[in-house]
Amino acid sequence: MITKTILEQIEGEASLYFDMKDNLVDFVTIAFPHFRGMEKMLEGKNAMDALVITPRVCGICGHSHVLASVRAIEDAYKNSGFTVNITQKASKVRELTLVLELIQNHLKWIYLVLVPHLKELCGSKELLNTPLKGAYGASLATKILAIFAGQWPHSSYMVPGGITSDFTYVDLTKAKSHLQKLTEYFETETLGVSVEEFLSFESCKDFASLESDFAKIEHLLIDLGMQKKGHAKDAFLSLGTHEFSHAAKVKGTKLFKVVSKYIDTQDAYAPDEKSYAKNALYKKQFYETGPLARCMAKEFKLIKNMHRRFKDSAYTRVMARIYETAHLLAFCKKLLDEIDISEVSCIETIALKNISGIGEGVVEAPRGPLIHRVQIKEGIIKSYKIITPTQYNIASGTKENPSPAQQAMLHCSQADAKFIFRTFDVCSVCTTH
Amino acid sequence: MADRIEGVKKLFTSKSARVETNKGDAYYEKLFEKCQARIEELKTQQPINNRLDITDVLEMQGIERRDFLKWASAVTGMLMLPASFTPLVADAALLMNRAPVIWLELSDCAGNSEALLRSDGPQIDEIVLDIISLEFHETLQAASGHQAEKQLEDAMETFKDKYLLFVEGAVPLGMNGQFGTIGASGETMHDHLLRVAKHAAAVVAVGSCATFGGVPAAAPNPTGAVGVMDVIQGKPLINIPACPANPANMVGVILHYILTGQVPELDSLLRPKFAFGYRIHDNCERRAHFDAGEYVEEWGDEGAKNNFCLYKVGCKGPMTFNNCSIVRYNEGVNWPVGVGRGCIGCSEPDFWDKYAYERPMADAKIKAPTGGVEKTVDEFGLGLLTAAGIGIGIHAVASAVAGKKEDGGEA
């Protein structure tokens, strides 16, 4: 029998169609009943307008979109014979603001999605439901972001050639002080140990003595047997070129080279309802993307160790997102220390109306690789295609070829399946652009 | 030349803000009594459900009474009320849990929910918003599916004709509304909105999508998206545009409602005048450079390095009514013009087609809500600047004239 469940508390709405056999999930199809047509409305507009419109694809990852957009336009410059150079300063600030967007996303996910549902599933009194805590941490991250980007969400401060903000030492000092506060918050409230020490952990034994939110989450996941559930494809994809991640295809623990041109989309398999989301595949195969994929590609010891024991279980997936938050906080500090304020923010480029060509921008967004592909003719957009991370993880494939999320939900109870679904950090507004 | 001198004179003598900030003692005395009576009445009512008590939460967060009053005094100023209203505003904030709110998300990117409930806004705003009796919010509540549907039904029944309905997102009308369906029954967003709005005390459209259709309504408007005011009739309606809407303005509207039991004074686009009564240009930190004729000509040029005016790289500040140059975003940290990017006019209708990026207003063919005289004046103004080589903010004069015209047309 097929039963339909609507999932809220994600951005947008998803319908899950559960096909149950002996009270266990036999198959799930996923539909997103919402559409806006952003790609269509970009056609015929000035390419610079993409920098304003694409951040509005998503209120949670707007920054990733503006970076993908500006990279796509800069790539089109290059393909038209005009290389765009940007300074170290501009490139570091772009990276910094992107990373802060990832951090705020992860903090909200921990306290607004993971904790409430973990509590619901195990009825634990040990872990407190404290959404304000998550909101506080996230607002600290977006405050730092706003110093350089003007506002969050929906900032558009990147332009071909660099960034528009010419910040001062005072701004930089403020950013450092906010980051210090954010790091301390994460250490005290979430980890119960310093970021530095946490990142040095190599095995689960290292954090056995902790009594923090992190430790409680870890215990509850084990109590629920989440280390044995939620296995997806054991194949990962990390694509965007950044210092904080490594572009690679990971099968088990083996790393392979990747080329973004092999990413393509297909219609979602949704026999029961019209779904406006498309599936994204690499060489026609599904891969898991996001923090776990990035941690595997970056070969972090703790996560690799967890993976060795529990493979790509729901447990490992959750741990990877928390681990990545610590990694990114440390990385932010490094970036802020390295920014050389005397460099210029933006190098002038030739006018966009001289540009005709195609371009691609690939970025690691909170949930994985985000790709923008643009075709420009004399500065005007001829076509625009956006492939978002959720389209890999939460794709709806057939029973013979399920997506990572579909595979992860197989043979579980419905309650477990819904929790496992959320470990992918479901977000659908971007998927149905 | 005589015209130009006349123009300069006019510029320096004209009022920059278009909203009447002082309505006279008699008006405020009457309003004060009214608000006081309402607050007293609200105090006798029980908080809805088991909402947290704000004083407890403030204490828990380590926020002292003094800081809370400081916040109340800032909000009083934002609402354009005299300082004597500060204690009343503080009381109203403490009574937030008497206002039931239902929040609907339609065709949108969730950016306003993000802005409001999860990330920015001064910390006290955030707490206050956590205290409001948010009876239903699809993204933030734990319930889902049929359970959520029931929760909504219950909230609508219990608070019939009393709840404030916040709507985020546009209403897609194309293909009989099939571009957006909600819930187990597959109800269209349009039907859903009409059903929930039927017994709302007032409807608040939050963000540019809900107010004017927003990005989903950008040409060629693939889903036939419209704003809430195009489909809701016979209800008090407040528009809080911008992309995302500023949380401070949402708090302002709720507080105003609690304080007075009424919607705030609105302009012709149904925007509260306390927030949208003046142009961002009027309070812009780069205004001096505009007046001095110092502009950024290209991204990365000397002008950009010196934080000159962004008008020529497409800033729509002179045409955009909003308070973001004062309130700013993310706990007052910054705003777009602060990072040299120029205003995109996101709180004006059709910003995505007419106002967006790099085209200076003169080239953007904007027919402004203020009457549409800006184009010719801009051309004239810019021509003058270039030819004479002296910086005169002649467009400001024209805008003030255009502003006067609109005053006449306002309800």
Side-chain angles (χ1 to χ4, degrees), chain A residues 4-13 33-38 40-41 46 48-49 51-53 56-60 62 104 108 112 116 120 132 134-136 138-139 142-143 145-157 159 161-162 164-166 273-274 344-348 429, chain B residues 107-115 117-120 123 126-127 130 138-145 148 178-184 186 215-216 218-223 225 243-244 298-301 304-305 307 329-331 333-341 344 352 356-359:
Chain A
K4 178 182 175 181
T5 298
I6 312 284
L7 278 192
E8 274 95 1
Q9 227 201 10
I10 58 174
E11 308 295 349
E13 191 176 82
H34 176 202
F35 176 73
R36 280 174 296 164
M38 307 281 276
K40 204 84 207 144
M41 66 185 70
N46 186 312
M48 292 296 274
D49 285 358
L51 299 175
V52 171
I53 292 180
R56 279 141 175 112
V57 167
C58 178
I60 305 97
Q104 65 80 29
K108 284 176 194 163
L112 282 110
E120 188 185 300
L132 268 181
Y136 172 75
S139 78
T142 51
K143 256 166 101 166
L145 204 163
I147 291 175
F148 302 97
Q151 72 183 76
W152 190 92
H154 297 336
S155 39
S156 303
Y157 82 110
V159 287
T164 59
S165 50
D166 250 299
E273 184 178 346
K274 169 84 183 159
V344 296
S345 296
C346 186
I347 299 171
E348 283 184 69
V429 282
Chain B
S107 186
D108 72 327
C109 71
N112 297 294
S113 288
E114 287 295 325
L117 291 143
R118 294 197 190 177
S119 59
D120 65 5
Q123 213 190 343
E126 201 172 84
I127 293 167
D130 202 61
E138 285 178 20
T139 312
L140 298 166
Q141 66 190 8
S144 68
Q178 291 304 311
F179 288 115
T181 58
I182 289 177
V215 166
N221 195 349
T223 62
C243 188
E298 301 280 343
W299 304 112
D301 69 4
K305 284 174 203 154
N307 294 325
Y329 278 92
N330 301 86
E331 304 189 18
V333 165
N334 215 341
W335 66 304
V337 170
V339 293
R341 201 239 321 153
I344 58 166
W352 51 92
Y357 229 21
E358 283 215 291
R359 298 177 295 284

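Each chain gets a letter, A, B and so on, in the order its sequence line appears, and its residues count up from 1.
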Item to check | Interface moiety of B/Val339 toward chain A, non-hydrogen atoms closer than 4.5 Å | outcome: both
Item to check | Max heavy-atom pair count under 4.5 Å with chain B, selected residue of A/Leu145, A/Val57, A/Asp166 | outcome: A/Asp166
Checklist entry - Would B/Trp299 and A/Thr164 satisfy side-chain contact (heavy atoms from CB on, under 4.5 Å), going step by step from the backbone distance to the final call? => result CA-CA 7 Å; B/Trp299 304 112; A/Thr164 59; 3.5 Å; yes
Item to check | Partner chain A: residue of B/Asp301, B/Val215, B/Asn334, B/Val337 with the largest heavy-atom pair count (under 4.5 Å) | outcome: B/Asn334
Item to check | Portion of B/Ala218 that has a non-hydrogen atom of chain A nearer than 4.5 angstrom | outcome: both
Checklist entry - Mind checking what makes side-chain contact (heavy atoms from CB on, under 4.5 Å) contact with B/Cys243, not counting sequence neighbours? => result A/Arg56, A/His154, B/Ser208, B/Cys346, B/Phe351
Item to check | Flag, side chain of A/Gln151 to backbone of A/Pro153, donor-acceptor distance under 3.5 Å | outcome: yes
Item to check | Any donor-acceptor N/O pair, A/Thr142 side chain to A/Ser139 backbone, under 3.5 Å | outcome: yes
